Amino acid sequence: MKASSAAVPLPWGQVSDVLAMGVVILDADGRVQHWNAWMKRHSGVTPEEAHGRMLQDIWGAGMSAPFLRALGNALQYDLPVVMSNVLHRHPLPLFRLLAGALPEVGVRTRIPQTITLIPLQADAADSTATRHCVIQIVDTSLFIHREKVLQSRSEQLSKEVVIDGLTGVYNRKFFNQRLPVELSRALRSDSALSLIMMDVDCFKNYNDSYGHPAGDRVLQALAKTVQQQLSRPSDLLARYGGEEFIMILSGSEQIGAQQLAERIRLAIAALALPHAYSHVAPYVTVSLGVTTCVPQGVHNPEDALESVDQALYAAKRNGRNTTLWLPMRDGALSESTVVPTSGSMTAVSEKTSTPDFSVSGSDSLGL
């Protein structure tokens, strides 16, 4: 038996009702000829109530001005229009019940939408044929949610790249990226920049005696304590490696950097974390090296790092649990000698006419 080739009429109304989008068909005068089930759910207007009426009569002032202009162009000039939710978030007053809300309570949220207006002509070859305009409304909530999730994950991944997994402060990679930037900024703004490098005294003995998990907890506590001492948003703390931390203090002169380093040293000592195997004290202590790049001086990352590293080395050589500042010149450290003081904060004076910035103990800082 030969199958019939006759076209089978489809129930277009039912097809439209199962679509997960709004479908509205207007005649040439802008009156509603079709209003699908999706529109009923999200507008509260039934197909019977909408049929034969203009959208302005249904929604009044609820429609946006850009939508009305787009609708006029589609009806008068047969111009198709796409209204993205990026520029037109809620063109039509369409709503969705909030999760968990009862229908009778009416707690609703306006749906973000992408709208497409498509002019149609029953017979394209006949200019007098009946014209219509199909309006397609897509709920973009899911796309926006996915976009936010992707953005959040992207930000998290970006953060993980530059954050030290143990302490939560910046890692060495980020520090190496930021130091040249901050040095260039200091040069442009004709301002000073200081670096502080901190090392935990006798930390190998701590790990060997108390175990690496306990050592990790010490590093976390120290990083948190240092962060609490950094009061300016521009101050940057990074874990430089192992038990070493480094700070960038943009716009910080020598005295301010020295005082901050000493506050950090005293704050860590005040934690009184037991360290019975230290050669310095019965609790965890740190040594800090400080250097300052003055506007007329060095703005080279390598020289700045060499200077602060040697300042830290000198602090450790000077007995540990101390803060020591070293001056710097372009290309190399200036010839200098350590001036011992009665306290734990030491400055270095040059053999030239550079003044001695030694501080005689922490009391003189009001610490």
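For the numbers below, each heavy atom of this structure counts, side chains included, while hydrogens, waters and symmetry mates do not. Small disclaimer: the values here were computed from a predicted structure and weren't measured.
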(message) For a quick check under 3.5 Å, do E262 and Q258 share a side-chain donor-acceptor pair by atom type?
(response) no
(message) Please check this pair: side chain of S307 against backbone of D303, looking for a donor-acceptor N/O pair closer than 3.5 Å.
(response) no
(request) Of all the heavy-atom pairs spanning R320 and S287, show the shortest one and how long it is. (result) CA-OG, 3.2 Å
(message) Would you say that R185 contacts L183 through its side chain, given a criterion of any heavy-atom pair below 4.5 Å between the two side chains?
(response) no
(request) Please answer whether the main-chain N or O of D29 pairs with a side-chain N or O of D27 as donor and acceptor at a distance below 3.5 Å. (result) yes
(message) Working to the nearest 0.5 angstrom, can you tell me the gap between F203 CZ and D208 CG?
(response) 10.0 Å
(message) With clusters defined by side-chain heavy atoms of hydrophobic residues (ILVMFWY) lying less than 4.5 Å apart, directly or transitively, does F95 cluster with W35?
(response) no
(message) Run L117 and V82 through side-chain contact (heavy atoms from CB on, under 4.5 Å) and show every step you take.
(response) CA-CA 6 Å; L117 297 95; V82 176; over 6 Å; no
(request) Rounded to the nearest 0.5 Å, what's the gap from CH2 on W325 to CD1 on I196? Could you check? (result) 13.0 Å
(request) Give a yes or no on whether L222 and L230 share a hydrophobic cluster (residues Ile, Leu, Val, Met, Phe, Trp, Tyr; joining criterion: side-chain heavy atoms under 4.5 Å apart). (result) yes
(request) Start with the C-alpha gap between L68 and Q56, add the side-chain angles, then the distance that decides, and say whether side-chain contact (heavy atoms from CB on, under 4.5 Å) holds. (result) CA-CA 9 Å; L68 291 174; Q56 292 88 334; 4.1 Å; yes
(request) Determine whether C202 and V280 make a side-chain contact, defined as any pair of heavy atoms from C-beta on separated by less than 4.5 Å. (result) yes
(request) Mark yes or no for whether N36, through its side chain, and V23, through its backbone, hold a donor-acceptor pair below 3.5 Å. (result) yes
(message) Under the side-chain contact (heavy atoms from CB on, under 4.5 Å) test against F245, which residue among T167, V286, L288, D199 passes?
(response) T167
(request) Name the orientation class of the two ring planes belonging to H275 and Y210 (parallel below 30°, tilted from 30 to 60°, perpendicular beyond 60°). (result) perpendicular
(message) Hydrophobic cluster membership, with links at side-chain heavy-atom distances under 4.5 Å among I/L/V/M/F/W/Y: are M54 and L75 in one?
(response) no
(message) Side-chain heavy atoms under 4.5 Å apart, restricted to Ile/Leu/Val/Met/Phe/Trp/Tyr: what other residues fall into the cluster of Y77, or is it alone?
(response) L79
(message) To the closest 0.5 Å, what do you measure between CE (M39) and CD1 (I58)?
(response) 8.0 Å
(request) Calculate, to the nearest 0.5 Å, the distance between atoms CD and NE2 belonging to Q113 and H42 respectively. (result) 10.0 Å
(request) Find out if a path of hydrophobic residues (ILVMFWY) with successive side-chain heavy-atom gaps under 4.5 Å connects W59 to F67. (result) yes
(request) Start with the C-alpha gap between L305 and L179, add the side-chain angles, then the distance that decides, and say whether side-chain contact (heavy atoms from CB on, under 4.5 Å) holds. (result) CA-CA 9 Å; L305 283 171; L179 181 57; 3.9 Å; yes
(message) I need the minimum non-hydrogen distance between L324 and A315, along with the two atoms involved.
(response) CB-CB, 3.8 Å
(request) Determine whether M247 and L236 make a side-chain contact, defined as any pair of heavy atoms from C-beta on separated by less than 4.5 Å. (result) no
(message) I'd like to check L26 versus I135 (side-chain heavy atoms, cut-off strictly below 4.5 Å). Are they in contact?
(response) yes
(request) Please tell me if the side chains of K40 and V45 come closer than 4.5 Å, counting only heavy atoms from C-beta onward. (result) no
(message) When you measure from the side chain of E49 to the backbone of T46, do you find a donor-acceptor pair of N or O atoms at a distance under 3.5 Å?
(response) yes
(message) Give me the atom names and distance for the closest heavy-atom approach of V308 to G289.
(response) CG2-O, 3.4 Å
(request) Look only at the side chain of S209 and the backbone of N205, and say whether a donor-acceptor pair between them is shorter than 3.5 Å. (result) yes
(request) Determine yes or no for a side-chain-to-main-chain donor-acceptor pair under 3.5 angstrom, with S194 supplying the side chain and A257 the backbone. (result) no
(message) Has R239 got a side-chain atom pairing as donor or acceptor with G242's backbone, closer than 3.5 angstrom?
(response) yes
(message) Quick one, N85 with I115, criterion side-chain contact (heavy atoms from CB on, under 4.5 Å). Give me CA distance, side-chain angles, the key distance, then yes/no.
(response) CA-CA 8 Å; N85 74 293; I115 297 179; over 6 Å; no
(message) Side chains of V200 and L219, heavy atoms from C-beta outward: is any pair under 4.5 Å?
(response) yes
(message) Within this structure, what is the CZ-CG distance for the pair R217 and L273, rounded to the nearest 0.5 Å?
(response) 11.0 Å
(message) Testing the basics here: between Q33 and H51, what is the closest heavy-atom pair and its distance to 0.1 Å?
(response) O-CD2, 3.6 Å
(message) Within the 4.5 Å heavy-atom criterion, are L55 and L71 side-chain neighbours or not?
(response) yes
(request) Ignoring hydrogens and angles, tell me if any N or O in the side chain of D235 forms a donor-acceptor pair with the backbone of L249 under 3.5 Å. (result) no
(request) Measure the spacing between OG1 of T292 and CG of L195 and express it to the nearest 0.5 Å. (result) 8.0 Å
(message) I want to check something: taking the side chain as every heavy atom from C-beta on, are D309 and M197 in contact at a cut-off of under 4.5 Å?
(response) yes
(request) In sequence, state the C-alpha distance, the side-chain angles, and the governing distance for Y170 and F175, and then conclude on ring pair (Phe, Tyr, Trp, His ring centres under 6.0 Å). (result) CA-CA 7 Å; Y170 289 113; F175 170 82; over 10 Å; no
(message) Taking the six-membered ring for Trp, are Y206 and Y277 closer than 6.0 Å centroid to centroid?
(response) no
(message) How close do N171 and I163 get, counting heavy atoms only, and between which atoms?
(response) ND2-N, 3.7 Å
(message) Same cluster or not: M63 versus W38, using hydrophobic residues (I, L, V, M, F, W, Y) connected whenever any side-chain heavy atoms lie under 4.5 Å apart?
(response) yes
(request) Measure across H34 and G13 and return the closest heavy-atom pair with its distance rounded to 0.1 Å. (result) CE1-CA, 4.2 Å
(request) Inspect the contact between R96 and D139 and indicate whether a charged nitrogen and a carboxylate oxygen are less than 4.0 angstrom apart. (result) yes
